[in-house]
Protein chains: 2
Amino acid sequence: MQDRKQPMALNQLIVERLMHYYHLVAEQIEINASGYVSSAQIAHLLDMDDTLVRKDLAAIGVRGRPRVGFSTNGLMDAVRETLGFNEHYNAVIVGAGRLGGAIASYAGFGKYGLDVVALFDSDPARVGDVLRGIPVEHVDRMEEVIKQHGVRSAVITVPAEAAQPLADRLVASGVRAIWNFAPTSLVVPPGVFVRHEHISVGLAELAYYLKRNDLGGGHI
Amino acid sequence: MQDRKQPMALNQLIVERLMHYYHLVAEQIEINASGYVSSAQIAHLLDMDDTLVRKDLAAIGVRGRPRVGFSTNGLMDAVRETLGFNEHYNAVIVGAGRLGGAIASYAGFGKYGLDVVALFDSDPARVGDVLRGIPVEHVDRMEEVIKQHGVRSAVITVPAEAAQPLADRLVASGVRAIWNFAPTSLVVPPGVFVRHEHISVGLAELAYYLKRNDLGGGHI
DNA sequence: TAGATTGTTAATCGATTAACAATC
DNA sequence: TAGATTGTTAATCGATTAACAATC
């Protein structure tokens, strides 16, 4: 009963690996003019098993050629198509401080199908600033802009205590996917996707590695 | 032959979960005055299985009391001790742009045992700026400062093309743990830990979720 | 053809969950 | 004591890897 055109949902592990393949192949294209790459080459560079590379590519419908490998263009097209980079989704960034500004300036949004249509901040001093061509608006206008542009995705880069109320307002306005950089968990209704970027987990891993390896180095 | 004082290395999954417990319990402490929390309570709030919570806590040596639960203070102490938050490790941030500034301003470093002793940038216009009390220095002084302070960890927040040469210099100066925010992979010798923060993976996941759920919303 | 590489089934491995005895 | 909750062994599940036939 499985419709061939409705592939199984990919989990986060495979999405992350597909992105690794995608970046790797994008870099390789300049170096390797053949237009083909083998699963063993990819696996070697990413320090993983080549079978897993073939499984992942099979899962998104990329067919390889025995003795030749996988077409680099074919691979990149399939990743783009599968992950939605060929669509256009409007997004907003809530919080135009240093982090929001850094995220807004990141060149990647357009490459992955996301168009930042607005930035919001509650600080009047920031309203009117222009970041990569987009003026910062007051957060009071958020609902209006979201509805006007049919925005379904948002990035939250505000202090922890402001995040949950803003998430509630985003969801009420129609946002269904949130990328949360605030150091607090968000409660959202079913059907709303939240990716929480845990800054403190990064710090904890650095600390743990240093402790495990007795790298006290300087200090005390 | 296993020395009781040399516990097994924890993998990234468990480190991440420990951080979730830690934050959850820190928040609960104000709400729940009893001083104890059960594995079932934690599991419920984090939408996971209570057995896994008990396994994780057992792995870091936290003992619970039947019918009572785990001491919130005991749990937090054990996480701090295990992950190294009670030590002090010096760290530097390389790249004092918006992202570097945002990271530097993040309140967490000290809480997790990391002391930011210096920020570096190659742009003379930024040298002399002060971020959370730390003056930005020219990157030419990096090696000197790292050696002087016995720095073993660094955060890289520079453009992609500058990241690898800087990583090489960091490693040559003694850095053994790197948190990389530049959108490029780093090649480092064995024994050097790199945590790569993949901004594009976050974007890809948003795009994929929107595509999977036909949330075209606005645009085109 | 011989041989390199894909594609796929079966085996393994590691992480999670279930079951339940131990404990207070 | 009865009952709630921990601690731990066994079972399950899902992801990864091994093996190898199919292909060009």
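Chain A is the first sequence line, chain B the second, and so forth, proteins listed ahead of strands; every chain is numbered from 1.
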Cut-off 3.5 Å, side chains only: do A:Arg54 and A:Ser39 have a donor facing an acceptor? yes
Answer with base, sugar-phosphate or nothing: what part of the nucleic acid does A:Asn11 contact at a heavy-atom distance below 4.0 Å? sugar-phosphate
Reckon A:Thr51 touches a base, only the sugar-phosphate, or nothing at all at heavy-atom distances under 4.0 Å? base
Return yes if the base of D:dT17 and the side-chain atoms of A:Lys55 contain a donor-acceptor N/O pair under 3.5 Å, otherwise no. yes
Nearest-neighbour nucleotide for the A:Arg17 side chain, C:dC24, C:dT17, D:dT16 considered: D:dT16
When the distance from NE2 of B:His44 to P of D:dT5 is rounded to whole Å, what number comes out? 14 Å
The Watson-Crick or G-U wobble partner of C:dA10, with both key distances under 3.5 Å, is D:dT17
Once you round it to whole Å, what is the distance between P of D:dA15 and CG of A:Asp56? 11 Å
Atom CG of B:Leu57 and atom P of D:dG7 are separated, to the nearest Å, by 8 Å
In Watson-Crick or G-U wobble terms, with both distances under 3.5 Å, the base opposite D:dA4 is C:dT23
To the nearest Å, give me how far apart CG (A:Asp50) and P (D:dA18) are. 9 Å
Integer-rounded Å distance: C:dG14 C1' and B:Leu10 CG: 15 Å
D:dA15 P sits how many Å from A:Leu18 CG, rounded? 14 Å
Result for 5'-nearest mapping on DNA chain C, choosing between B:Met48 and A:Val37, is A:Val37
Could you tell me how the ring of A:Tyr106 sits relative to the ring of A:Phe109: parallel (under 30°), tilted (30 to 60°) or perpendicular (over 60°)? perpendicular
State plainly whether the residues B:Lys211 and A:Glu81 are in salt-bridge range, i.e. N to O under 4.0 Å. yes
Could you tell me if the ring centre of B:His20 sits under 6.0 Å from that of A:His198? yes
I'd like to check B:Met19 versus B:Leu83 (side-chain heavy atoms, cut-off strictly below 4.5 Å). Are they in contact? yes
Nearest-nucleotide wise, let me know which of A:Asp49 and B:Gly64 is further upstream toward the 5' end of DNA chain D. B:Gly64
Nearest to side-chain heavy atoms of B:Ser39, which nucleotide of D:dT6, C:dA15, D:dC24: D:dT6
Closest to the side chain of B:Arg63, out of D:dG7, C:dG7, D:dT16, is D:dG7
Would you mind reading off the distance between B:Arg65 atom CZ and D:dT5 atom P, rounded to a whole angstrom? 13 Å
Here the distance between atom C1' of D:dA15 and atom CG of A:Leu13, to the nearest Å, is 8 Å
Selection from D:dG7, C:dT5, C:dG7 that lies nearest to any side-chain heavy atom of A:Arg54: C:dG7
From D:dT8, C:dT8, C:dT5, nucleotide with atom closest to A:Ser38 side chain: C:dT5
